[in-house]
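Report on one structure; see the data block that follows.
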Amino acid sequence: MKHQTLILLAAASLAGVPAARAGAVADWSLQAQNSIVGVARIFPGEAAVYMGIVHAAIYDAAVAVEGGYRPYHVVPVVPPGAALDAALATAAHRVLAGLFPAQQPALDEAYAHSLEGIPEGAAKTNGIAAGEAVGAGILDLRADDGLEDTVPYVQPPPGPGVYEPPAAATPPRAKLPLVRPLALG
């Protein structure tokens with residue numbers, strides 16, 4: 001866990017997030033991991049794509065508020081002084097809720113908890129607006145990427161080296177070659 005936290009802090013610093021505020025990055029990264037792998041039970045290969053989508057939103061939210069780096073995709077207009085934690089939490093929440101609508105109540109609870117410690121005012125409102133814009137933009141970008149497609153699978157004849165599923169099911173990773181890579185947007 002300590003090693004994972006150091007990696008998240010390093011990633012946060014690369015995205016222009018001050019180390020003191022990297023908690024929002026770590027919190028929503030863990031929330032994403034729980035939503036994707038724990039609740040939705042997404043196969044690890046596909047889970048990496050979902051995690052990348054969430055982290056693209058977190059990154060763009062950080063760049064929108066703090067500046068200093070080239071955004072991945074979304075460039076909202078953000079007034080100076082916007083609350084970074086509000087932007088990060090909102091972007092991650094928006095993406096996760098869009099990807100996993102059945103988890104909306106649990107995600108809303110985590111989101112409300114994230115916003116509790118941020119003082120009310122223009123900074124919080126502007127941070128939320130920035131996060132909403134980023135989350136919506138990332139979801140729009142990935143809308144037709146093939147990740148949600150159903151891939152027809154025909155079981156090859158049995159033989160040496162041929163995967164034989166225990167039940168009539170598409171084996172894990174069958175659709176990954178057809179998904180638009182995250183880095184190519």
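All figures in this text were calculated on a predicted structure; none of them were measured in a lab. In what follows, every heavy atom counts, from backbone to side chain, and hydrogens, waters and symmetry copies are set aside.
- The shortest side-chain heavy-atom distance between Pro76 and Val74 falls under the 4.5 Å cut-off.
- The side chain to side chain contact (heavy atoms under 4.5 Å, CB included) check on Ala48 picks up nothing, with sequence neighbours excluded.
- How far NE2 of His55 is from CG of Asp60: 13.0 Å, rounded to the nearest 0.5 Å.
- Scanning all heavy atoms of the two residues, the minimum distance from Ile58 to Trp28 falls at CD1-CB, 4.2 Å.
- Although no hydrogens or angles enter the test, the distance criterion places a donor-acceptor pair under 3.5 Å between the side chain of Thr90 and the main chain of Ala86.
- Between Ala57 and Val95 the shortest heavy-atom distance is CB-CG2, 3.6 Å.
- The salt bridge (charged side-chain N to carboxylate O under 4.0 Å, His left out) analysis of residues 105-123, with sequence neighbours excluded, yields the pairs Glu120-Lys124.
- The two atoms that bring Ile118 and Ala83 nearest to each other are CG2-CB, 4.0 Å, heavy atoms only.
- Taking 4.5 Å as the limit, every side-chain heavy atom of Val39 sits out of range of all side-chain heavy atoms of Asn34.
- Looking at Gln103, its side chain does come within 3.5 Å of a backbone N or O of Ser35 through a donor-acceptor pair.
- Using a 30° and 60° split on the angle between ring planes, Tyr50 and Phe100 fall in the tilted class, from 30° to 60°.
- Shortest non-hydrogen contact noted between Gly81 and Ala123 is O-CB, 3.1 Å.
- Note: Tyr59 and Tyr69 fail the aromatic proximity criterion, with ring centroids not under 6.0 Å apart.
- The shortest side-chain heavy-atom distance between Val37 and Ile42 does not fall under the 4.5 Å cut-off.
- Arg70 places no side-chain N or O within 3.5 Å of a backbone atom of Val63 that could act as its donor or acceptor partner.
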Which donor-acceptor pairs under 3.5 Å do the side chains of residues 125-134 make with protein atoms, sequence neighbours left out?
{"unit_1": "Thr125", "atom_1": "OG1", "unit_2": "Gly121", "atom_2": "O", "d": "3.0"}
{"unit_1": "Asn126", "atom_1": "ND2", "unit_2": "Ala122", "atom_2": "O", "d": "3.2"}
{"unit_1": "Glu132", "atom_1": "OE1", "unit_2": "Arg94", "atom_2": "NE", "d": "3.0"}

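- Checking side-chain atoms of Asp145 against main-chain N and O of Arg180 turns up no donor-acceptor pair under 3.5 Å.
- A 4.5 Å side-chain heavy-atom check between Gln155 and Val162 finds at least one atom pair inside the cut-off.
- To the nearest 0.5 Å, atom NE2 of residue His113 and atom CD of residue Gln31 are 10.5 Å apart.
- Residue Leu139 holds its CG atom at 5.5 Å from CG of Leu99, rounded to the nearest 0.5 Å.
- Screening Asp85, Leu30, Leu84, Leu88 for a side-chain contact (heavy atoms from CB on, under 4.5 Å) involving Val25 leaves a single residue, Leu88.
- Residues Tyr72 and Ala56 approach most closely at CD2-CB, 3.7 Å, considering heavy atoms.
- Across Ala40 and Ile36, no two heavy atoms sit closer than the pair CB-O, 3.5 Å.
- No side-chain heavy atom of Ser114 sits under 4.5 Å from any side-chain heavy atom of His93.
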